[in-house]
Each structure stands twice: as structure tokens, then as C-alpha cells.
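Encoded as C-alpha cells, the structure appears first; notes follow it.
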2 protein chains.
Amino acid sequence: MLLTPFPEERLDPRVKRTRALIENTFNHLLEEKGFSAITVQDITSHAEINRATFYAHYADKFALFESILRARFRAEMDRRTLRTCTYDSHNLNALMETVCDFVALSASNCKGNDAQFEAIVEAQVRQQVQAILEHWAGQIWPEDPSFNKDRSTAATWAIYGLAQQWSQIKPQQRQPSSQFTKRVLPMALALLHAEPQTISQVG
Amino acid sequence: MLLTPFPEERLDPRVKRTRALIENTFNHLLEEKGFSAITVQDITSHAEINRATFYAHYADKFALFESILRARFRAEMDRRTLRTCTYDSHNLNALMETVCDFVALSASNCKGNDAQFEAIVEAQVRQQVQAILEHWAGQIWPEDPSFNKDRSTAATWAIYGLAQQWSQIKPQQRQPSSQFTKRVLPMALALLHAEPQTISQVG
DNA sequence: ATGCTTATTAAACACCTGTCGGTTTAATCC
DNA sequence: GGATTAAACCGACAGGTGTTTAATAAGCAT
């Protein structure tokens with residue numbers, strides 16, 4: 001299984017309550033003041049939770065945000081693909097659109113263009129995309145796994161970079177993500193299907 | 001001029017001294033304990049500088065590190081290319097090798113795989129590479145500047161991603177950067193020379 | 001219901017951050 | 001060389017961090 005959305009462990013209801021409280025408060029504060037302005041103090045006082053309790057669940061506010069992003073992105077991919085773990089051109093298209101929309105949505109929640117914030121979003125999304133593309137590359141090229149890593153890495157970074165660039169254009173001025181994806185998807189495709197020598201050398 | 005290596009402003013010798021003291025101490029501490037373990041306290045006490053003086057020169061330790069990285073990378077590119085601002089296949093090769101070696105060297109200074117550290121290196125290097133590739137794309141495709149942005153963005157991210165992936169292989173197990181670059185450079189080339197429609201569609 | 005376990009709380013801890021007002025010291029300009 | 005400008009120092013500040021200890025309370029068995 002590629003993605004394990006819900007471990008669905010039976011958790012102590014206190015733990016469930018506390019985590020939900022923390023995450024909801026965090027999401028609320030994120031829209032209100034942006035990531036860098038949020039302190040653990042903020043979260044715990046608004047959630048009416050002891051500060052030590054926060055640290056019993058998350059190492060710091062970064063770990064909290066990462067966990068939230070991971071869950072959000074997985075849910076979004078599951079919503080947009082039939083079977084995320086099966087490669088076909090429709091799913092690759094869906095992947096890229098998902099990344100575009102996800103990054104754009106995140107950026108809109110980000111007051112003051114916070115570099116920390118963007119780095120965390122990037123790292124999490126890239127990690128998810130890389131896992132999916134490595135899986136897909138294994139289906140396309142069942143042999144020569146070493147170059148599969150290069151293919152999926154190049155495709156992952158190119159896709160994320162393009163999505164991020166697109167997301168930074170003002171919403172009124174940019175074309176919809178579906179159209180943008182259609183325009184640049186050939187690049188990702190070329191990378192995912194690339195062979196070391198067969199790409200034409202251009203001087 | 002693409003890169004402005006040395007503004008060579010005439011600086012107050014005190015400023016020069018203080019900045020050199022801070023940067024040298026930082027570099028020393030970086031090798032010793034890694035980025036995340038360094039505090040501004042550390043830097044100023046080892047440099048025998050008042051803490052307030054630090055903040056007169058850099059907003060925080062992140063800004064300091066960014067400034068050091070920027071200077072280092074530019075110096076390295078200038079060392080490895082004849083004219084950085086002119087595109088040819090040799091310079092593209094040199095660019096990729098530079099990124100590989102630069103990231104690998106940085107990573108070796110990174111105790112305990114610090115995510116913050118890596119994010120800063122990535123952001124700085126990507127920014128430099130993007131500027132160079134946009135410039136080069138403008139030379140290759142003097143018309144249709146809008147797709148030039150897509151080309152250079154995709155190439156930048158793919159190059160950085162590949163370099164970063166390579167740099168994380170143990171030095172004994174990976175091939176030298178020159179060989180790795182030779183192997184994956186076609187991918188970067190394809191992106192930089194891509195046209196929206198002409199890349200073959202694969203199902 | 002009664003114990004056992006585990007989450008949450010409360011209060012304190014040492015430490016770091018970024019900033020400020022006032023002083024001292026070094027560079028620069030005539 | 002003496003006046004002027006600006007960098008560097010000093011001490012203090014209000015805040016936040018992450019950790020610890022002991023006490024309390026909630027969940028979960030038998």
C-alpha cells in the first residue's frame with residue numbers, strides 16, 4: 001500500500017480531544033495571523049490546554065504543521081484520483097493539478113510570504129509526490145530501478161517547481177491550474193519516461 | 001551583469017572587522033556543532049563581540065547563513081565557468097557539477113540532517129541557479145519569454161533535486177559528480193530546450 | 001465500584017531572542 | 001589635532017522555548 005491514510009488506531013479519547021483541539025486552533029490561527037506569528041503559547045492558550053500537553057503530542061509547531069499538511073495532501077490526492085497507486089496519464093495530470101491547487105491554497109493562507117512556511121509546505125508535498133512517482137516509475141520501467149530514482153526525482157522537483165511558480169502569479173492573472181498543467185505536463189512526462197541516452201542532445 | 005560578486009564598497013574598517021569575525025566564527029561553529037545547535041549567543045561570545053552588535057549587521061542567524069551561502073556559491077560558479085552569463089553546453093555542465101559539489105559539501109557540514117539547514121541551502125542555491133538559467137534561456141529563445149520562465153524553472157528544480165539526491169548517497173558509493181552530471185544532464189537539457197507541444201506524448 | 005494506568009495540569013527552571021536607551025570608543029573630516 | 005559621525009559596548013526588558021517534577025483527573029480494566 002502506497003498511502004496509509006487512516007491507521008485508525010483506537011486512541012484514548014483524551015488524546016483525540018486534545019489533538020483535535022490543537023489542530024483546529026492551529027488552523028484557525030494560521031488563517032488569522034500566518035505561520036511565523038503563531039507561538040506555542042498562542043495555540044495552547046486559545047485551545048485552553050496546558051503548554052506542556054502540547055509538547056506531549058508534538059515536538060514543536062513545525063512538527064504539528066507537517067503532520068497537518070501530510071494528512072491534508074493525502075486526503076486531497078485520494079479525492080482526486082481513482083487509485084493513487086496506479087499510474088496512468090490521467091492520474092499524472094491529477095497529481096500535478098493537485099500540487100498546483102494545494103500550493104496555491106497554502107500560499108493564500110500565508111500572511112507575509114514566510115520562507116519557513118513555504119519550506120515546510122514544499123518539503124511535505126515533495127515527499128508525498130516523490131513516493132507516488134517512484135511507485136509509478138516502477139510500473140513504467142519494471143527493470144533498471146537505479147535510473148527510476150533519477151526519473152522520479154527530476155519529475156518530482158520539476159512538477160513542484162512549476163506548480164510553485166504558477167501559484168505565485170496573482171489569481172486573476174494566471175490561467176486555471178488545469179490549463180497550466182496541460183501546458184507543462186509534457187515536461188514532467190518527458191522526465192518520467194526519460195532514458196539516459198535517448199534524449200536528443202542539443203548544443 | 002548577471003552576478004555582482006564584489007560591490008567593493010569602502011566600508012568602515014570596524015564593520016569589516018566585525019563582519020569577518022562573525023562569519024569566521026560562524027563557519028567554525030558550523031563544522032563543530034551544526035547549524036541548528038548554533039545560537040547567536042554562541043557566535044557573539046566566541047567572536048568576543050557584543051550580542052547587540054550582531055543584530056546591527058544581520059537580522060538573525062538565518063540571514064547570516066544566507067549571506068554566506070550566496071557569496072560562496074557565486075564565487076564557486078565564477079571559479080568554474082569562463083563567463084557565467086554566457087550559455088553553452090560546457091557551462092551548463094559546470095553549473096550542474098557546481099550544484100552537486102556545493103550541496104554535497106554543505107551536507108557534510110550538516111550534523112544530524114537538519115531540515116532548516118537544508119531548506120536554506122536549497123533556497124539560496126535555487127535562487128542563484130534560476131537567475132542564471134533564466135538568463136541562458138533568454139539567449140536560447142530570444143522570443144516567447146513566457147515559456148522561458150517555465151523552461152528555466154523546471155530545469156532549475158530538476159537540477160537541484162537531482163544534485164540533492166546524489167549528494168545524499170554515501171561518498172564511497174556514489175559516482176563522481178562529473179559522471180553523474182554526464183548521466184542526467186540530458187534531462188536538464190530537454191527541459192531548457194523544451195517547447196510546449198513538441199515533446200512526444202507517451203500514454 | 002475499585003484499583004491501575006495514563007493523560008493532563010501546574011509551577012518552576014535555565015536558556016535564547018530581539019530590542020532599547022545610554023555610554024564609550026574608534027574612524028573620518030576639515 | 002580637535003570636532004563630528006557612527007560603530008561597538010553595556011545592561012536590562014518582556015517575551016518565548018523546551019524540559020522537569022509532583023499533583024490531579026480521566027479512562028479502562030476486572
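Residue numbering restarts at 1 for every chain, and letters A, B, ... go by the order of the sequence lines. No hydrogens, no waters, no symmetry mates; every other heavy atom, side chains included, goes into these values.
B:Tyr58 has its OH atom 17 Å from the P atom of C:dT19, to the nearest Å. Rounded to an integer number of Å, the gap from A:Gln116 CD to C:dT17 C1' is 14 Å. In this structure, A:Lys16 atom NZ and C:dA7 atom C1' are separated by 16 Å, rounded to whole Å. The separation between B:His57 atom NE2 and C:dG18 atom P is 16 Å, rounded to whole Å. Rounded to an integer number of Å, the gap from CG of B:Asp12 to C1' of D:dA7 is 6 Å. Counting to the nearest Å, the P atom of D:dG18 and the CG atom of A:Asp60 are 5 Å from each other. Taking atom CG on B:Leu64 and atom P on C:dT17, their separation rounds to 12 Å, with Å as the unit. Here the C1' atom of nucleotide D:dT20 and the CZ atom of A:Phe54 are 18 Å apart, to the nearest Å.
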Which atom pairs link the protein and nucleotides 9-15 of chain C when you take only N or O atoms and keep those under 3.5 Å?
{"residue": "C:dT9", "atom": "OP2", "partner": "A:Asn50", "partner atom": "N", "Å": "2.9"}
{"residue": "C:dT9", "atom": "OP2", "partner": "A:Thr53", "partner atom": "OG1", "Å": "2.9"}

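Rounded to the nearest 0.5 Å, atoms NE2 (B:His135) and SG (B:Cys85) are 5.0 Å apart.
By the 6.0 Å and 45° rule, B:Lys61 does not stack over the aromatic ring of B:Phe54.
Between the side chain of A:Arg14 and the base of D:dA26, at least one donor-acceptor pair of N or O atoms lies under 3.5 Å.
When the shell of 6.0 Å around CZ of A:Arg17 is examined, it contains 12 or fewer heavy atoms from other residues, nucleotides or ligands.
Comparing atom distances between the B:Tyr55 side chain and each of C:dC16, C:dG18, D:dC28 picks out C:dG18 as nearest.
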Fill in: Verdict with reasoning, B:Arg126 to A:Glu122, per salt bridge (Lys or Arg N to Asp or Glu O under 4.0 Å)
CA-CA 13 Å; B:Arg126 258 201 299 101; A:Glu122 186 204 312; 3.4 Å; yes
Worksheet item: Would B:Asp150 and B:Phe147 satisfy side chain to side chain contact (heavy atoms under 4.5 Å, CB included), going step by step from the backbone distance to the final call?
Response: CA-CA 5 Å; B:Asp150 294 334; B:Phe147 200 64; 3.4 Å; yes
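With respect to the salt-bridge test (charged N to carboxylate O, under 4.0 angstrom), the residues B:Arg80 and B:Asp101 qualify.
Residue A:Val15 is the one, among A:Val15 and B:Phe62, whose nearest nucleotide of DNA chain C lies closer to the 5' end (criterion: closest heavy atom).
A donor atom on one side chain and an acceptor atom on the other are found under 3.5 Å apart for B:Thr153 and B:Gln130.
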